[in-house]
Amino acid sequence: MRFETRAIHDGQEPDPLTGAVTVPVYQTSTFRQDGIGRPRGYEYSRTDNPTRRALETALASLEGGSHGLAFASGVAATSAVLSLLRPGDRVLAGDDLYGGTYRLFERHFRPWGLRIDYAPAEDSEAFLSALTDDTRLVWLETPTNPLLRLADIAAVSEAAHRCGARVAVDNTFASPWLQRPLELGADLVVHSSTKYLGGHSDLIGGAVVVTDPELHRKLKWHQNAVGAVPGPWDCWLALRGLKTLALRMEAHCRNAQRVADFLAAHPAVERVHYPGLPDHPQHALAGRQMRGFGGMVSAELAGGFPAVERFVGALRLFFLAESLGGVESLVCHPARMTHAAIPPSERRRRGIGEGLVRLSVGIEHADDLIADLDQALAAAGGGPTTGRSAKGDAT
Ligand SMILES: *Cc1c(COP(=O)(O)O)cnc(C)c1O
């Protein structure tokens, strides 16, 4: 069956008791057993819950894996994958990562004993030369956050496997509708289902999908032992979101392309980062590896931070907020919001400047989004004295 059909049916048989066509929210902590040692398939909801199992089955199907695991958040999912390693193990990660992932790596797992190195994953040659025989795990995000660079999943996976390393791909920005890392050779797919999978900015969740049953067994053990599981209601919301993933992603991609084209032609914008633009350094790779170019667009405003402040203050439809992947459009300033945990010198080295804004382009009408950006850019370019100087004087 095709993706759209599986999104609605896999793991989601009508309820055997009542015929309900949506999976019920099994809001229960425990399950009555028929006798000692005779449960009916569920014992305790940290270990397993029918609503969660439905979500995990659907996620595995959409990512083309055999096993899915749902977590309480994307960082809990990331943490579960890193916990497969032992102190002393080496991790090689791309150097343009979600800020919370970087924080988890540097402030939790490095003190815990992992050796973690970073290399630019969009530069296959440099990245592969940083791959050593003692590397146990390669961590990729593609497209990356916030600069939307791409890593070649197939090439990295092949080289990593030769070194005996496993490859995990954070597929949050693409979603399985646009990109399926397991089919390209990766071993683990990680998600923040808070973003496109849920799709409506109404839940926090995470997921890991794998093919290897042994990996699944270890992760399942960890999920139960550490206990960062989502509640049934959040699982139900994520399942509901999944059903329209294909439709939403098509709309996100269409709108983002229009927004990127508009920004690229605007004089107040210095540079636009979007894989769908022909001048994007991995435009060709995006065409091979992804079904579409995604809903995220980053742009550097010519006027630096003062222009950014005026721009976000003037936007009406794009809400200033962290997060992404919901139906509504959002704008954020990575340097001071999502990536504030990264030291300033490191941020600058990575190209996350003070003039950079990141847009999560929603599924409103593209004409309205472009009109909003147009008026906000006009306000941003409105000279150094508009509004801003009064605020500056006060501080
Ligand atoms: C948001 C995000 C995460 C973390 O997920 P949470 O659900 O916020 O814990 C990880 N990776 C990427 C790419 C993200 O955007």
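Every number for a ligand or one of its atoms is a count from 1 in the order of the listing. Keep in mind that the numbers below use all heavy atoms, side chains included, and drop hydrogens, waters and symmetry copies.
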Less than 3.5 Å apart, N/O on ligand 1 and N/O on the protein: could you list those pairs with the distances?
| unit_1 | atom_1 | unit_2 | atom_2 | d |
| --- | --- | --- | --- | --- |
| ligand 1 | 5 (O) | Ser192 | OG | 3.0 |
| ligand 1 | 7 (O) | Gly74 | N | 2.9 |
| ligand 1 | 7 (O) | Ser192 | OG | 2.8 |
| ligand 1 | 7 (O) | Thr194 | OG1 | 2.7 |
| ligand 1 | 9 (O) | Gly74 | N | 3.0 |
| ligand 1 | 9 (O) | Val75 | N | 2.9 |
| ligand 1 | 11 (N) | Asp170 | OD2 | 2.7 |
| ligand 1 | 15 (O) | Lys195 | NZ | 2.8 |

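The six-membered or imidazole ring of Tyr118 lies near that of Tyr102, with a centre-to-centre distance under 6.0 Å. Proximity of the aromatic rings of Trp177 and Tyr196 is defined here by a centroid distance below 6.0 angstrom, and this criterion is not met.
Using a cutoff of 4.0 Å between basic side-chain nitrogens and carboxylate oxygens, Asp123 and Arg149 are not scored as salt-bridged. Arg350 has a carboxylate O that lies under 4.0 Å from a charged side-chain N of Glu346, or vice versa, which qualifies the two as a salt bridge.
In this pair, Trp236 and Trp233 present their aromatic rings parallel. The plane angle is below 30°, not in the 30 to 60° band.
Counting only distance, with no hydrogens or angles, the side chain of Gln282 and the backbone of Leu150 share a donor-acceptor pair below 3.5 Å.
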